[in-house]
Amino acid sequence: MHKTIIEPFRIKMVEPIYMSTPDQRKQHLENAKYNPFLLHSDQVIIDLLTDSGTSAMSANQWAGIMRGDESYAGAKSWERFQQTIIDITGFTHILPTHQGRAAERILYTHLGGPEKVFISNTHFDTTRANIEYTHALALDCPADGNIHDNENQYFKGNIDLHAVEGYIRHYGPERIAAVILTVTNNSGGGQPVSMANARALAHMCQQYGVLMVLDCCRIAENAYFIKHFEEGYSHKTYREIAQEMFSLADAAVMSAKKDALVNMGGFLAMNNDNLARECTNVLIITEGYATYGGLSGRDMEAIAIGFEEVFREDYLNYRIKSTTYVGEKLHELGVPLIRPIGGHAVYIDAKAFYPLIPTHEYPGQRLACDLYLFGGIRSCEIGSVMFGKYDNAGKLIPARQELVRLAIPRRVYTQSHMDYVIETFAMLMELRNQRRGFSIAYEPPLLRHFTAHFVPLG
Ligand code: F0G
């Protein structure tokens with residue numbers, strides 16, 4: 001057996017990367033007000049901002065795109081899309097949407113409202129925003145200890161069942177709109193959820209008559225961890241593991257931009273006929289007719305093919321091993337990060353990386369900016385810029401953690417690109433005690449990380 005894990009694909013088409021010098025990047029970053037979201041993509045050498053919608057599609061998916069049937073109603077591409085999703089998820093009603101948050105908006109607007117409560121292992125930001133927009137409450141219940149560096153503790157994405165039950169009893173089951181299990185737990189460090197945890201949650205939801213929703217956008221990656229690290233699953237295929245997890249839930253929302261290996265798309269799936277009818281009405285008003293939602297026929301073809309490809313053994317093996325490779329190499333350098341490494345991203349603990357930068361000077365923003373200045377690498381702050389709030393006196397209430405996410409696009413970068421990222425971190429390690437943070441010069445009232453402007457302090 002070889003030790004080297006190679007990319008299980010050959011490259012058929014290439015896209016240029018525009019190289020830049022540190023001086024050019026200094027200027028670009030100043031122009032972007034020190035917010036990497038405001039950079040132009042051709043100013044970036046390696047883009048690890050997100051794994052969402054950034055996958056490279058296969059030759060087979062591109063061939064499917066040419067086959068796309070663009071009929072308004074009952075298109076062949078819709079039938080293939082629907083059948084694939086039924087085969088994998090087991091749900092009877094499939095609603096196509098243009099991306100994950102559209103599925104979230106349709107379902108959570110219907111279930112939400114001022115008196116309602118949603119519970120999750122951790123609400124992703126669009127999930128929380130869609131829920132709070134209806135004036136419902138979104139409560140996070142991550143299992144204990146999910147932030148620490150502990151290489152032996154798998155399934156740190158689990159939901160805290162005890163806390164969930166406490167909330168259900170406190171608010172009463174009739175006020176609980178849904179319990180949302182996000183696999184893998186993106187905002188909680190990209191960590192997987194075990195089948196045992198999902199099963200126990202399903203049992204609890206049944207017992208109280210509460211709806212269980214699976215946010216399944218990285219369910220194939222989650223299945224990898226179950227097969228290799230949870231007892232009793234080593235003989236099952238990744239697809240079978242995902243099917244088992246789907247069978248536990250009452251509904252699923254999916255951003256196909258992740259584990260369906262496409263650049264755009266999503267769906268909402270469920271069994272309940274009445275709920276499906278209500279959601280379909282909203283779908284038709286806001287997304288499109290029931291057999292295309294917000295998608296063209298070619299998009300649905302690409303999703304149908306990608307959602308099958310993602311469960312292939314050689315693909316998932318390469319995918320998770322390559323993310324782990326980056327994380328473990330950074331760990332060897334002494335970079336503080338969340339371990340074990342999750343599926344789609346490596347999460348750096350920026351507060352520990354820059355011990356002298358206080359939280360209110362945003363150490364995560366410093367790290368994201370330094371990765372760009374020194375390597376042209378774009379990453380994403382997931383800390384107090386993204387989740388910080390202010391108290392009545394205008395003082396920052398910091399986020400739970402100051403993280404920087406290196407999200408790895410699927411099938412896009414090679415190992416040498418990743419070695420370059422690791423080398424950039426080695427350069428930054430030398431400067432850890434010399435850097436200062438930022439103050440915020442401009443911020444919008446909601447989702448400020450996308451458009452805020454920063455000023456470097458010293
Ligand atoms: N749920 C989770 C767990 C997500 O990670 C995302 C998107 C969504 C829902 C929303 O899906 O973007 O298709 O509307 N996550 C991206 C990210 C944006 O970078 O993690 P969408």
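When a ligand or atom number is given, it counts from 1 through the structure's own listing order. We use all heavy atoms of the structure for the numbers below, so side chains are in, but hydrogens, waters and symmetry mates are not.
Counting heavy atoms from C-beta on, the side chains of Q401 and D349 never come closer than 4.5 Å.
Closest to atom 2 (C) of ligand 1 among all protein heavy atoms lies D215 OD2, 3.4 Å. In terms of protein heavy-atom proximity, atom 21 (P) of ligand 1 is nearest to Q99 NE2, 3.3 Å. Considering only non-hydrogen protein atoms, atom 8 (C) of ligand 1 sits nearest to F124 CD2, 3.6 Å. The protein heavy-atom contact nearest to atom 5 (O) of ligand 1 is N186 ND2, 2.8 Å. In this structure, atom 13 (O) of ligand 1 lies nearest to the protein heavy atom S255 OG, 2.6 Å.
Ligand-side atoms of ligand 1 in range of R101: 11 (O), 12 (O), 14 (O), 21 (P), range being under 4.0 angstrom from any heavy atom. Every atom of ligand 1 with a heavy atom of C217 under 4.0 Å away is listed here by number and element: 2 (C), 3 (C), 4 (C). Within ligand 1, counting atoms from 1 as listed, the ones closer than 4.0 Å to a heavy atom of E104 are 1 (N), 9 (C). For ligand 1, the atoms lying closer than 4.0 Å to a non-hydrogen atom of T182 are 3 (C). Per-residue contacts place R405 under 4.0 angstrom from the following atoms of ligand 1 (heavy atoms of the residue considered): 17 (C), 19 (O), 20 (O). Atoms of ligand 1 lying under 4.0 Å from any heavy atom of T50, numbered from 1 in the order shown and given with element: 17 (C), 19 (O).
Looking at every heavy atom in both residues, H123 comes nearest to L139 through CE1-O, 3.1 Å. Here the closest heavy-atom approach between residue I94 and residue A269 is recorded as CD1-CB, 3.8 Å.
Taken from OG in S322 to CZ in R411, the straight-line distance is 12.5 Å, to the nearest 0.5 Å. Here CD of E308 is found 5.5 Å from OG1 of T84. Values are rounded to the nearest 0.5 Å. Taking CD from Q365 and OG from S384, the interatomic distance works out to 11.0 Å, rounded to the nearest 0.5 Å.
Looking at T127 next to ligand 1, no N or O pair under 3.5 Å apart turns up. At least one N/O-N/O distance between G100 and ligand 1 falls below 3.5 Å. For the pair T126 and ligand 1, the shortest N or O to N or O distance does not fall below 3.5 Å.
Between K258, K257, R105, it is K258 that holds the heavy atom closest to atom 16 (C) of ligand 1.
Proximity of the aromatic rings of Y238 and F311 is defined here by a centroid distance below 6.0 angstrom, and this criterion is not met. Checked against the 6.0 Å centroid threshold, Y289 and Y72 count as a close aromatic pair.
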Item checked: From CA spacing to verdict: salt bridge (charged side-chain N to carboxylate O under 4.0 Å, His left out), D69, R80 -> CA-CA 10 Å; D69 174 356; R80 269 191 283 271; over 6 Å; no

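At distances below 3.5 Å, at least one donor-acceptor pair connects side-chain atoms of D259 with backbone N or O atoms of E221.
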